[in-house]
Amino acid sequence: MSQIIPIKDLRDTNKISEICHSSDEPLFITKNGYADLVIMSNDYYRSITQNSNIQPSYNKVPSRPLNKFEYKILDKDFFGYIRVGAASFDIKVGDVSHNLEEIKKYIDMAEAKEVKVLVFPELCLSGYTCGDLFYQSDLLNQCESALLDLTSYSKDKDIVFIIGAPLRKDSRIYNTAVVIYKGEILGVYAKKHLPHQNEYYENRQFDAYQGENSTIVIGDKEYIFGNKFIFQDLEHYKFAFGVEICEDLWSTVTPSTSMALKGASLIFNLSASNETLGKEEYRRDLIKSTSARLISGYTYCSSGPSESTQDLIFSSYKGIYENGNLLNEGRMFMDGLIYSEIDIESLENERIHASSFLSELNEDIDIVPFKMALKNPPLSRKIKQNPFIYDDNSVYEKVIYMQALGLRKRLSATKIDKVVLGLSGGLDSTLALFVCIETFKLLNIPLKNIYVLTEPAFGTSDETHDNVLELANKLDVSFMEIDIKKSVLQHLSDLGHDVNDKNVVYENAQARERTQVLFDYANEIGGLVVGTGDLSELCLGWTTFNGDHMSNYNVNVSLPKTLVRELVRYYGLVHPDIEEVTSKIVATPISPELIDPENGEIKQLTEDKIGPYELNDFFIYYYLRRNFSLKKILFLAVYAFKDKYDEETIKYHLRNFVRRFYSNQFKRSTLPDGPKITSISVSPRGDLRLPPDMSYDSLINELN
């Protein structure tokens with residue numbers, strides 16, 4: 001027997017849910033003694049509608065946290081790359097059958113390219129510029145029939161596609177985006193914001209949809225309709241996307257904002273954006289900034305010049321963006337298909353670290369579920385071998401200037417006008433010297449107040465020693481050579497260490513003696529010791545604790561070795577008087593020079609011990625900046641370096657990187673101050689908080 005409760009009892013949601021699920025009858029709600037609402041369980045609703053001519057084809061899924069039985073954890077071997085595409089074609093305005101066949105052609109083309117989500121232009125099924133033809137029942141009926149045709153066509157297609165179509169609902173016509181997958185219409189998005197400029201007249205035929213989600217009937221089924229829902233894969237919860245249409249992107253608060261906050265990592269925009277002078281750059285900047293603001297992938301697809309040109313020209317602009325970066329775009333005024341892979345795992349990692357992304361969501365967003373088998377596609381997007389290297393030399397000028405600003409502040413605050421640094425003839429100390437020079441120019445302090453010391457010992461080669469002398473002679477700095485061999489021999493003798501035993505004691509005694517001399521000399525002249533060690537060395541622990549690891553202020557602390565090399569090269573280019581010697585320094589093999597040379601030449605090569613810096617810097621970027629799994633980093637490195645290293649070689653160096661990174665955290669825990677310049681810092685006061693005694697074996701086992 002049906003139960004009746006007053007409307008005031010709706011506050012007790014647990015009680016109502018229990019009543020609905022324990023009974024096969026509806027629950028009647030009364031207001032002021034009269035029947036007002038009817039509530040029933042989903043199972044009961046299905047039982048009474050299963051023989052109806054109109055069937056609901058979507059299920060609302062609860063907001064996260066998600067039911068563990070409904071959702072699976074992202075597969076460890078799927079690295080989060082979703083290949084998306086945008087296609088514009090030769091539209092015939094008002095010819096639905098022609099447009100339908102063109103759409104099918106591009107769906108097949110995209111599926112062959114392993115595209116998983118394909119977006120078409122706004123109102124592409126009919127053409128955007130139909131004008132009052134949109135009022136004609138024949139056109140609207142043809143569009144509905146074409147959508148049913150596409151739905152049937154999609155049954156054996158492993159691709160989601162999004163079609164622009166005019167649809168009727170409640171005696172109104174709406175500009176919609178219909179999302180279709182595997183023989184089903186997943187949902188119908190209705191455009192929320194219509195342009196009101198007189199040139200468009202879109203608001204003449206169409207209504208903007210501003211209400212809550214409802215349903216729309218297409219054929220004999222009912223589908224979710226509105227603009228407050230996203231689509232989410234049941235087995236890969238990070239794969240969630242939303243849709244908006246053209247003007248929605250230009251609105252003050254975009255529909256995609258709420259979608260992203262609800263979990264949509266991908267946004268697709270169907271557009272018919274007419275082209276005017278200057279609009280191309282503005283639109284590109286708008287999409288780029290929106291993808292960055294939402295920390296999302298954004299795929300934009302506009303109609304082309306085959307639309308009516310009675311009053312407007314359309315550009316066929318297509319662009320795929322990821323978190324502010326352009327991945328691919330089509331040629332203006334050219335139809336066709338573009339595609340690229342958007343990294344939804346990277347987007348998720350960025351959102352986790354972005355406190356601004358925790359904004360309160362003030363409206364309900366429904367989730368429409370679907371299931372898609374995902375695998376890693378062959379990457380078409382470029383993965384740079386050197387993610388810290390730039391094509392624009394002005395970036396290098398800015399880096400050195402930022403380093404100089406950091407040192408300038410430290411000198412001003414301490415009221416010190418002298419610095420001391422050790423110059424080895426290698427990359428790091430050379431860059432530190434250049435930074436000191438630029439700092440003293442900013443402070444208008446004589447360069448003679450820069451005291452450069454070179455401290456040859458057992459491992460010093462003729463090549464690096466000559467580089468030091470040549471560079472010091474060309475620069476107007478104070479220079480001093482202090483041979484530390486006798487001091488080190490005395491120290492080793494005091495320890496009872498055999499000088500012929502070239503072990504770590506032999507090596508570190510030299511490094512620590514050099515540092516002691518620098519600090520003592522700084523005390524002598526009232527100066528500040530400038531550190532030279534770089535980010536790569538700190539991550540790998542390739543530094544002597546309380547030796548070159550220590551300084552008063554380290555200007556290179558967040559610069560990886562590959563970037564340091566480019567900065568030295570750049571500085572030589574803009575200072576031709578030292579370009580010859582900087583070129584030699586750049587070409588010199590990297591070495592700590594703590595083992596005796598052979599015939600005056602470097603014997604101890606750093607990369608023979610710790611691996612190629614280009615690989616290590618690649619690992620640093622994707623491990624510390626992108627927070628990728630080791631398996632994913634290996635996947636990317638194999639792709640990026642396929643012409644240089646085989647997979648086993650890369651895997652060997654990646655394991656070594658992890659081992660060295662975690663076992664040397666104690667060195668990073670005691671770092672001196674230094675400015676963060678790149679997006680990575682290993683300062684214990686900044687971006688990296690790690691226990692120095694953690695176990696890392698299980699991490700390395702991920703690569704087995």
Side-chain angles (χ1 to χ4, degrees), residues 403-404 406-426 428-460 464-495 507-534 543-557 592-594 670-675:
Q403 290 176 277
L407 181 57
R408 181 183 72 171
K409 175 63 177 179
R410 180 52 53 97
L411 293 174
S412 299
T414 57
K415 297 180 173 57
I416 293 175
D417 63 355
K418 300 181 183 68
V419 296
V420 176
L421 79 154
L423 189 63
S424 68
D428 295 337
S429 59
T430 300
L431 176 61
L433 174 57
F434 296 158
V435 171
C436 290
I437 290 172
E438 295 304 312
T439 303
F440 277 49
K441 289 179 181 178
L442 291 174
L443 291 169
N444 199 28
I445 299 174
L447 297 186
K448 285 295 184 182
N449 282 21
I450 301 173
Y451 292 83
V452 175
L453 275 61
T454 187
E455 303 171 73
F458 309 122
T460 304
T464 55
H465 187 256
D466 291 345
N467 288 341
V468 167
L469 295 179
E470 185 175 354
L471 186 62
N473 287 333
K474 289 181 177 293
L475 300 171
D476 191 24
V477 297
S478 298
F479 176 71
M480 180 185 299
E481 180 171 328
I482 301 176
D483 193 314
I484 64 170
K485 296 188 189 73
K486 290 182 180 180
S487 299
V488 174
L489 286 173
Q490 181 62 52
H491 180 58
L492 293 176
S493 176
D494 292 341
L495 294 176
E507 294 187 33
N508 285 348
Q510 298 171 70
R512 291 195 177 99
E513 180 63 22
R514 285 187 174 120
T515 303
Q516 176 177 271
V517 170
L518 293 176
F519 273 103
D520 289 345
Y521 191 75
N523 289 153
E524 180 70 26
I525 65 170
L528 178 146
V529 176
V530 175
T532 64
D534 63 51
T543 179
T544 299
F545 189 78
N546 212 32
D548 55 313
H549 155 265
M550 194 50 61
S551 64
N552 292 129
Y553 193 78
N554 186 354
V555 294
N556 293 339
V557 69
E593 294 196 314
L594 299 173
T670 55
L671 280 182
D673 294 348

Worked verdict on L421 versus V452 for side chain to side chain contact (heavy atoms under 4.5 Å, CB included): CA-CA 5 Å; L421 79 154; V452 175; 4.0 Å; yes
Spacing of CG belonging to L442 relative to CD1 belonging to I437, to within rounding of 0.5 Å: 12.5 Å
Spatial distance of atom CD (Q516) from atom CE (M550) [nearest 0.5 Å]: 14.0 Å
Spacing of OG1 belonging to T543 relative to CG belonging to N508, to within rounding of 0.5 Å: 9.0 Å
Any L518 side-chain heavy atom under 4.5 Å of Y451 side chain: no
Residue pairs passing the salt bridge (charged side-chain N to carboxylate O under 4.0 Å, His left out) test where at least one lies in residues 515-533, sequence neighbours excluded: none
Where V529 and S551 come nearest, the two heavy atoms and their spacing: O-CB, 3.8 Å
E481 backbone acceptor or donor facing T454 side chain under 3.5 Å: no
Residues E593 and T464: side-chain donor-acceptor under 3.5 angstrom: yes
Closest approach of V468 to G425 (non-hydrogen atoms, all atoms of both residues): CG2-N, 3.2 Å
Non-hydrogen atoms of A457 and Q510 that approach each other most closely: CB-OE1, 3.4 Å
Heavy-atom pair of closest approach, residues S412 and L443: OG-CD2, 3.7 Å
Point-to-point distance, once rounded to the nearest 0.5 Å, from CG of L431 to CG of D534: 9.5 Å
Separation of L411 CG from Y553 OH (nearest 0.5 Å): 9.5 Å
Heavy-atom side-chain contact between F479 and L471 under 4.5 Å: no
N/O donor-acceptor pair under 3.5 Å between E507 side chain and L594 backbone: no
Pairs meeting criterion salt bridge (charged side-chain N to carboxylate O under 4.0 Å, His left out) with involvement of residues 406-422, two or more places apart: R410-D673
Minimum side-chain heavy-atom gap L475-L447 below 4.5 Å: no
N/O donor-acceptor pair under 3.5 Å between R514 side chain and E455 backbone: yes
Counterpart residues, salt bridge (Lys or Arg N to Asp or Glu O under 4.0 Å), relative to K448 (two or more places apart): D476
Distance-only polar pair, side chains of T532 and N556, donor-acceptor under 3.5 Å: no
Reported CD1-to-CZ distance for the pair I450 and F440, which is rounded to 0.5 angstrom: 5.0 Å
Closest approach of P456 to T460 (non-hydrogen atoms, all atoms of both residues): CA-OG1, 3.2 Å
For H549, the option from T670, N554, T515 that meets side chain to side chain donor-acceptor pair (under 3.5 Å): T670
L407 to C436 - nearest heavy-atom pair and separation: CD2-SG, 4.0 Å
Side-chain donor/acceptor of T439 to backbone N/O of V435, under 3.5 Å: yes
